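Sequence lines set the chain letters: A, B, ... in the order given, protein chains first and strands last, and positions in each chain run from 1. Quick caveat: nothing in here was measured; it's all calculated off a predicted structure.
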There are 2 protein chains.
Amino acid sequence: MKRPLVEDIRERIDEFTATEKKAAHALLARYPVQGLGTVAQFAEAAGVSSPTILRFVSRLGFGGFSEFQDRLRLELDNQLNSPLARSASMDTDGDADPHVSKMVENIQETFLHLPKGELDGFIKLLADEKRTINLIGGRFTDALARYTASHLRIVRPNVVHIAGQQGNWLDQLLGIGPRDVVVVFDIRRYQAEIIHFSEAAAKKGAAIALVTDSWMSPIGRIAAYVLPARVAVPSPWDSSLALMAIAELLITGVTQLNPARSQQRMLELENLRDDHDPASDSPRGGPDI
Amino acid sequence: MKRPLVEDIRERIDEFTATEKKAAHALLARYPVQGLGTVAQFAEAAGVSSPTILRFVSRLGFGGFSEFQDRLRLELDNQLNSPLARSASMDTDGDADPHVSKMVENIQETFLHLPKGELDGFIKLLADEKRTINLIGGRFTDALARYTASHLRIVRPNVVHIAGQQGNWLDQLLGIGPRDVVVVFDIRRYQAEIIHFSEAAAKKGAAIALVTDSWMSPIGRIAAYVLPARVAVPSPWDSSLALMAIAELLITGVTQLNPARSQQRMLELENLRDDHDPASDSPRGGPDI
DNA sequence: TCCCGATTGTAATTTTTATTACAGGATTGC
DNA sequence: GCAATCCTGTAATAAAAATTACAATCGGGA
């Protein structure tokens, strides 16, 4: 089923009758395009009659010609869309936006230099149910904190996104202790408030896990785990894309570290959702904080 | 005639009607395989009716659907049998995390298929100071709305992130009219609330601009601009990374469409910031809503 | 050489598919 | 706010395609 059809044909070529072999060769000579036209075209190209083509595809195990074509299209789709067969058609899109290529480069570079142990430790920390996860971010990166929180909240309990007015932060700080984890998203310029919060949390015994733009964030000194990402793009702004890539990897990591729990929680949530009138449903993942 | 059909389509995308664009995008997203099946399959994938597909290929200059398919097959044949097609798949990853390579691939694919005109129009819309920009997102994508808002808010006035309790949305809806733009981040499953909000806003005359995971979001029907992104990754979750890449491109685009204004506003904000005690600074870009 | 089974093409049949006519609906311009 | 125009989908129609039945043909073994 998964094996390319070409191999199958090559291998079984001797099972075919003489005219069927002609069909096979015609197909192989112009694979897979030859099979994507009509039966008549195929037949003509192979120098045989239509029924022979039909018998050929039937012998290959297909229930009909269109079934055979579906298979060809599927293979073609996979081939064209996955293994960067792009370089062949690179001539067309050689004018890729420099901003886009920089973003891609950033992500690749980021993960090239990302210490695997650091990432795994980070994930384990986040997956520990006995701990409370607090997420906080800066002016722009707060969105990442929220994004991460909205996922983590689904696969595990005790996830808190620290957002809104600064006054609230202090309230949160009160409850933070050695069983807490504070995940900080912080890029330059490192905001004083975030630094203060992190330092205070660290002082109360919380584990700090930092996702940042370099090793220079002052929070790095007190963090148990640091994941640095590239942020430079040809723009007045920094790009948080690589940070988000890290966030998604964390989310997936935590989800898959305990698939059973994750799945069960996702299911339960699903049911809860269905029990409610969809329109009057609680808005998007519950209240912040 | 010798030029790849893809280019032709990309370039002439604006000549097409709304549903024809859907067809074009469906084709580009799965080029050329999408065009090699039956009209009905194509229509279904694009979410339009068969005659629309026929009109689409007719507008491209073909005398009929099979003529169109002949062309696709011809191109495909040339492409697959060219010597260039063999030297693929070396440039990137290698032993990288499959999740990471898929994310990178998603971004590349997303921008490969992103219609330039659509993007430019989107940016112009966002840069228009006379309009109010409202941003809204779903359970997970709300973070992107926030992220975009926090940047746009700096380079231009009248940026509103519609967040929080659903009740607030309605309040926002009251003020929305023909001078408003509603930017919607929406991936499956398309939340009913978001759809309702968008429809209501559209009914009041607002221009809808959509960033989504495919052309299937129901909001696509009423949107003036649609930017689709790839979201599939080897994870139980969808990846919003490509959506964010789009968001960053939008942000940069708007910023650079009027560099003088942007710079001045950034400067002014800087000064405001400095005038305050950094610690008691207003928290992160002011209140939402 | 003749016979029998397998193979192949012709032509009829049936199913699928493209195409077209038309009417409801949306949109644009006045 | 109205009319005219342009889109768009439904449903009927025409065209083309796949499929099947069957007869002609071929090839090897008595």
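The nucleotide whose nearest atom lies closest to any side-chain atom of A:Val48 is, among D:dT8, C:dG9, D:dA11, C:dG9. For B:Thr17, taking side-chain heavy atoms from C-beta onward, the closest of the listed nucleotides D:dT8, C:dT8, D:dT10 is D:dT8. Distance from the side chain of B:Ser49 is smallest for D:dG9 among the nucleotides D:dT19, C:dG9, D:dG9. Ranking D:dT8, C:dT19, D:dA18 by closeness to the B:Thr19 side chain, first place goes to D:dT8. For A:Thr38, whose side chain is taken as the heavy atoms from C-beta onward, the closest listed nucleotide among C:dT8, D:dA18, C:dA18 is D:dA18. For B:Pro51, counting side-chain heavy atoms from C-beta on, the closest listed nucleotide (D:dG9, C:dA18, D:dT20) is D:dG9. With C:dG9, C:dA18, D:dA18 as the choices, the nucleotide that has an atom nearest any side-chain atom of B:Val39 turns out to be C:dA18.
In this structure, the side chain of B:Arg12 engages the main chain of B:Arg59 through a donor-acceptor pair within 3.5 Å.
A distance of 9.5 Å separates CG in B:Leu152 from OG in B:Ser262, rounded to the nearest 0.5 Å. Put simply, NE2 on B:His196 and CG on B:Leu170 are 12.0 Å apart, with the number rounded to the nearest 0.5 Å. Here the CD1 atom belonging to B:Ile13 is positioned 14.0 Å from the NZ atom belonging to B:Lys116, to the nearest 0.5 angstrom. Between the CD1 atom in B:Ile9 and the CZ atom in B:Phe56 there is a gap of 4.5 Å [rounded to 0.5 Å].
With rounding to whole Å, A:Arg55 atom CZ is found 10 Å from D:dT20 atom C1'. Rounded to an integer number of Å, the gap from CD of A:Gln69 to P of C:dT17 is 10 Å. Atoms CD1 (A:Ile53) and P (D:dA17) sit 15 Å apart, rounded to a whole Å. Rounded to an integer number of Å, the gap from A:Leu36 CG to D:dA18 P is 12 Å. Residue B:Phe62 contributes atom CZ, which lies 16 Å from atom C1' of C:dA18 at whole-angstrom precision. Rounded to whole Å, the distance from CZ on B:Phe16 to P on D:dT8 is 12 Å. Rounded to whole angstrom, the span from the CD atom of A:Glu67 across to the C1' atom of C:dT15 amounts to 16 Å. Following rounding to the nearest Å, B:Gln41 (CD) and C:dA18 (C1') show an atom-to-atom distance of 13 Å.
For residues 241-260 of chain B, there are no ring-ring contact (aromatic ring centres under 6.0 Å, His included) pairs, not counting sequence neighbours.
Near DNA chain C, defined here as any heavy-atom distance below 4.0 Å, there are no residues from residues 176-183 of chain B.
Dashed line: the shortest gap from a side-chain N or O of A:Ser50 to OP1 or OP2 of C:dG9 is not under 4.0 Å.
A donor atom on one side chain and an acceptor atom on the other are found under 3.5 Å apart for B:Thr255 and A:Trp237.
Along DNA chain D, the nucleotide closest to B:Ser66 and the one closest to B:Arg59 are compared, and the more 5′ of them pairs with B:Arg59.
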